[in-house]
Amino acid sequence: MNAISSPRGLADVCERSPSYVRAIAPYQPGKPISELARELGLKEESIVKLASNENPLGASPKALEAMYAALEEVSRYPDGNGFELRMALSEKYEVPAERIVLGNGSNDVLEMAAHAFLAPGATAVYSRHAFAVYPLATQATGATGIEVPARDFGHDLDAMARAIRKDTRVVFVANPNNPTGTWQAPDAVHAFLRKIPADVLLVLDEAYNEYLDSKLASASLKWLQEFPNLVVSRTFSKAYGLAGLRVGFAFAHPQVADLMNRVRQPFNVSNIAQSAAVAALADQDFVLRSRAHNEQEMRTVTAGLKRLGLTWIPSFANFVSFKVPKAAEVYQCLLGQGVIVRPISGYGMPEYLRVTVGTGTENSRFLAALEAALAKLR
Ligand SMILES: Cc1ncc(COP(=O)(O)O)c(C=O)c1O
């Protein structure tokens with residue numbers, strides 16, 4: 001029997017999957033370099049991928065060293081409680097370890113929050129153009145999502161507070177948000193926390209926190225004492241440069257953390273990932289270099305967009321979404337030149353493309369390819 005035929009009973013078995021699972025539209029990741037290389041017959045080294053908001057400086061050499069050392073232990077299960085990493089996070093962020101939950105990427109902690117607090121009959125509130133995982137994680141629990149219209153592409157926190165209903169259990173806020181790069185000032189987020197009902201969990205997703213200028217830094221960890229309904233999620237995937245390892249973490253009230261841990265896979269963060277994350281955390285110079293590089297190259301990219309007569313949404317993260325005529329065709333034309341960016345029509349932004357800030361060379365390649373695409377499609 002080949003894989004294409006439908007064996008007897010397949011349709012029946014699939015129909016046993018809850019309708020809300022069958023209705024999920026899977027997450028669309030950025031196109032992998034290897035896939036484009038296969039499609040175009042190109043060498044992988046010749047392809048520039050600016051589609052997944054990865055760190056163009058790679059990973060901290062100290063994290064790489066820790067990974068090589070951890071390979072020796074690969075036959076053993078990791079520490080399921082992530083003791084060392086939670087202690088290191090506790091020390092760095094001055095938050096007790098009992099308030100820290102580890103995830104297989106911060107995606108995992110977002111899903112844990114959804115699984116621990118949502119169920120059929122409940123609702124979750126999030127903004128239009130917000131990170132795609134919020135509706136996905138909501139739908140996977142059988143809960144219903146309430147999408148609130150955005151204001152200037154950013155979260156309209158007043159409207160989100162008004163959208164909360166009696167059956168709302170979770171509100172997701174991304175700060176900065178992906179794919180818009182928009183940001184809410186700490187005062188506004190604090191006011192939002194004071195406004196929402198105390199029994200509604202605010203999942204504050206700060207995946208791009210390390211890219212914020214220190215003057216704009218989040219104050220969210222200080223609010224944990226005051227608001228037991230606050231979960232702050234962070235990641236090692238962005239400024240820490242460890243996207244492929246999958247390590248994220250969340251801060252929450254110990255009892256909320258306990259509930260999230262109940263739905264967590266026992267060994268969700270590998271021993272290699274835990275060791276690398278401890279070393280990455282200790283290398284704050286690398287994080288600062290990554291931020292400085294991003295600031296400088298963000299200026300190069302936006303100056304290039306301006307030169308090409310394009311507009312963009314001012315971004316507080318390591319990517320920028322720009323408006324371009326015939327966005328889908330421009331995307332294809334960029335692919336043809338070995339440059340991968342991210343179409344965001346799935347985010348309700350069909351006239352925009354999102355580009356990650358890369359190295360100086362990658363950004364030049366992107367801008368030259370974009371100029372060629374615009375000339376071709378004009
Ligand atoms: C806003 C936001 N949150 C969370 C994530 C998840 O990242 P990870 O699972 O790699 O930590 C991303 C990834 O792009 C993101 O953009």
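Counting starts at 1 for both ligands and their atoms, following the listed order. Atoms considered below: every heavy atom in the structure, side chains included; atoms not considered: hydrogens, waters and symmetry mates.
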(message) Under the rule for ring pair (Phe, Tyr, Trp, His ring centres under 6.0 Å), what residues qualify as partners of Phe267, not counting sequence neighbours?
(response) Tyr77
(request) Anything with a heavy atom under 4.0 Å from ligand 1 counts, so go ahead and list those protein residues by chain and number. (result) Gly105, Ser106, Asn107, Phe131, Asn178, Asp205, Ala207, Tyr208, Thr235, Ser237, Lys238, Arg246
(request) Can you sort out the partners of Lys62 under salt bridge (charged side-chain N to carboxylate O under 4.0 Å, His left out), two or more places apart, ordered by chain and number? (result) none
(request) Take the angle between the ring planes of Phe236 and Phe249 and call it parallel below 30°, perpendicular above 60°, tilted in between. (result) tilted
(message) If you compare all heavy atoms of Glu84 against all heavy atoms of Asp79, which two are closest, and at what distance to 0.1 Å?
(response) N-OD2, 4.5 Å
(request) Check step by step if salt bridge (charged side-chain N to carboxylate O under 4.0 Å, His left out) holds for Asp285 and Arg289. (result) CA-CA 6 Å; Asp285 280 353; Arg289 254 185 293 133; over 6 Å; no
(request) Under the salt bridge (charged side-chain N to carboxylate O under 4.0 Å, His left out) rule, collect the residues that match up with Glu44, sequence neighbours excluded. (result) none
